[in-house]
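Worksheet: one structure, shown below.
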Amino acid sequence: MILACLGRIVHDNDAESKLDDDVSTISKSLELQGSIESGDVSCSASASKDFGGLYSVKPLFLIKPSGAEDISRVVKFAARTSNLTVAARGNGHSINGQAMSDGGLVIDMRSTEESHFEFLTIDDSPHIDVSGGALWEDVLTQCVSRFGLAPRSWTDYLSLTVGGTLSNAGVSGQAFRYGPQTSNVTELEVVTGKGEITVCSETLNSELFFGVLGGLGQFGIITRARVKLQPAPDMVRWIRVVYSEFDEFTRDAEFLVTQEEGESFDYVEGFVFPNRDDLFDGWPSVPLDPVHEFSPGHIPQTAGSVLYSLELAFHYRNSDHPSTVDTVVSRLLGKLGFVEGLKSQVDVSYTEFLLRVKRAEEEARANGCWDRPHPWLNLFVSKSDIVKFDRTVFKTMLKDGVGGPMLVYPLLRSRWDNRSSVALPEGEIFYIVALLRFVPKGQSVEKSVAQNQEIVKWCTQEGLDFKLYLPHYQSIEDWKRHFGNQWSRFVDRKACFDPMAILAPGQNIFRKDPSSVIISRDL
Ligand code: FAD
């Protein structure tokens, strides 16, 4: 009955007037606790867009589930059709349509957000169980504000969903110590591509657990995650220091990320910026405290087209004596070789520090550039190739900047679990490079996209040891190259957990086969 109804919607172009009736019929037949909207309804428009603003496709239905049971019903429903796919949509902060489904079913994971926040102590360690659709900023509120506890590993920006970042990795300035967010969860509840609700962990259904972590949504929809917690600090000393030479910048960054806890900062990131007097992205934009400007006289004459900044944070408690904090921070900074005089610092609350990008979002919304396209490019580049990358990409191709931050900082491979699905470069130290482009009004998005392609092409041609983070490819050959020797494991996991290729079609890896039995993409 449902399938007959669906067939009518899919095949009958005059069915628009019947759509509301059909939605209600399907909704009743599925016995959803949540709600369902047609893809035509204006409030579903968000499901056909994402933060990237580069792609737009219309789903058939937007489903707002109340929890895992609803999601399971929707996936099982799609499995009984020849053509329908299911995309979980976190907060739609993808760049290339990864959370979309063309003519399929989009599940709004945010509607499950409220349904689960639960504290637990396991082996004397605090954890929180959260919905896959919860925003990290809500996890912050629940944990830090209410209990003085915090996840160990964050993203820079917290209006991202737990399920969305765990499907990729979740990286920020704490990852050098604790690994990405995927290394900081101990249990997941997942709805697989067969519609089964399965609890998994390192020891229970471990293939599903590790497959889903960094699995680009291919093996299951995360409906609950158990996140490790630790005591949260009260305050953060937030510091930026500037380098004119890339080798000095990388030497200090690598030194900091390889030190023991207590011998380094609690957060280490870095960025590149054009060496020019530009309030938006030149050296005047770097100081954290606008009252204390950098004097350009400090920039060495030998400096090139770009400069580099290490961004650091030191955690402390309100009860710590200010002179103790000063002493420890001075000792740590004393080991670094940044340009004298080019240091800026502020003391902010831990929550204020974690919500720092939210402030940037508010500004970007106010000046209209938040809603414009964002052709972002994220890469992991091996330490062995980062100097070459700097010379050609940062110093030459991107010497005029990208209209937004250009992050570059080292991570340690040993903090990542190689059983997860994330693809990484070889070697212990690799750099995350994030080109967070904001395209000003009137400027060409195509030019930025073309420049991204040029960078990736150059990396490939030069044989750099690199991987795309938040990957996006058009061809199956590129996906195979991306996963390298992990490709067969990825395919095996797909065959096991989503054999009809129902999930996350927007990643453009597998295609649902009308014969309904086997995944295909010329495997
Ligand atoms: P979506 O974009 O909605 O979904 C991403 C993919 O995951 C899709 O394929 C979707 O189908 C799938 N998916 C979504 N929810 C689930 C679920 N519950 N279960 C299974 N699959 C699911 N990343 C970092 O690592 N560090 C950062 O500091 C960082 N900062 C960012 C700042 C901004 C402003 C933006 C826009 C992005 C940033 N990102 C960062 C990237 C971010 O991790 C990705 O956009 C990611 O996709 C999470 O976004 P989302 O929750 O909106 O997921």
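Whatever order the structure lists them in is the order used to number ligands and atoms, beginning at 1. Just so we're clear, the structure is a prediction, and the values are computed from it rather than from any experiment.
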Closest non-hydrogen atom pair, Lys467 against Pro425: CG-N, 3.7 Å

Minimum-distance pair of heavy atoms, taken over all atoms of Pro151 and Tyr350: O-OH, 4.2 Å

Residues that Asp102 engages under side chain to side chain donor-acceptor pair (under 3.5 Å), provided they are two or more places apart: none

Side chain to side chain donor-acceptor pair (under 3.5 Å) partners for Asp278, two or more places apart: none

Pairs touching residues 166-176 that satisfy side-chain hydrogen bond (donor to acceptor under 3.5 Å, both in side chains), sequence neighbours left out: Asp156-Ser172, Ser172-Glu269

Check: Gly211 main-chain N/O paired with Ser421 side-chain donor or acceptor under 3.5 Å: yes

N/O to N/O under 3.5 Å, ligand 1 against protein:
from, atom 1, to, atom 2, distance (Å)
ligand 1, 2 (O), His93, N, 3.2
ligand 1, 2 (O), Ser94, N, 3.0
ligand 1, 2 (O), Ser94, OG, 2.6
ligand 1, 3 (O), Gly90, N, 2.7
ligand 1, 3 (O), Asn91, N, 3.4
ligand 1, 3 (O), Gly92, N, 3.0
ligand 1, 9 (O), Gln98, O, 3.0
ligand 1, 9 (O), Gln507, NE2, 2.9
ligand 1, 11 (O), Ala88, O, 2.6
ligand 1, 18 (N), Ile222, O, 3.0
ligand 1, 19 (N), Ile222, N, 2.8
ligand 1, 21 (N), Ser167, OG, 3.1
ligand 1, 25 (O), Val171, N, 2.8
ligand 1, 25 (O), Tyr469, OH, 2.6
ligand 1, 26 (N), Val171, O, 2.7
ligand 1, 28 (O), Asp156, N, 2.7
ligand 1, 28 (O), Val171, O, 3.3
ligand 1, 45 (O), His93, O, 2.8
ligand 1, 47 (O), Asn168, ND2, 3.3
ligand 1, 51 (O), Thr161, N, 2.8
ligand 1, 51 (O), Thr161, OG1, 2.7
ligand 1, 52 (O), Asn91, N, 2.8
ligand 1, 52 (O), Gly92, N, 3.0
ligand 1, 52 (O), His93, N, 2.8

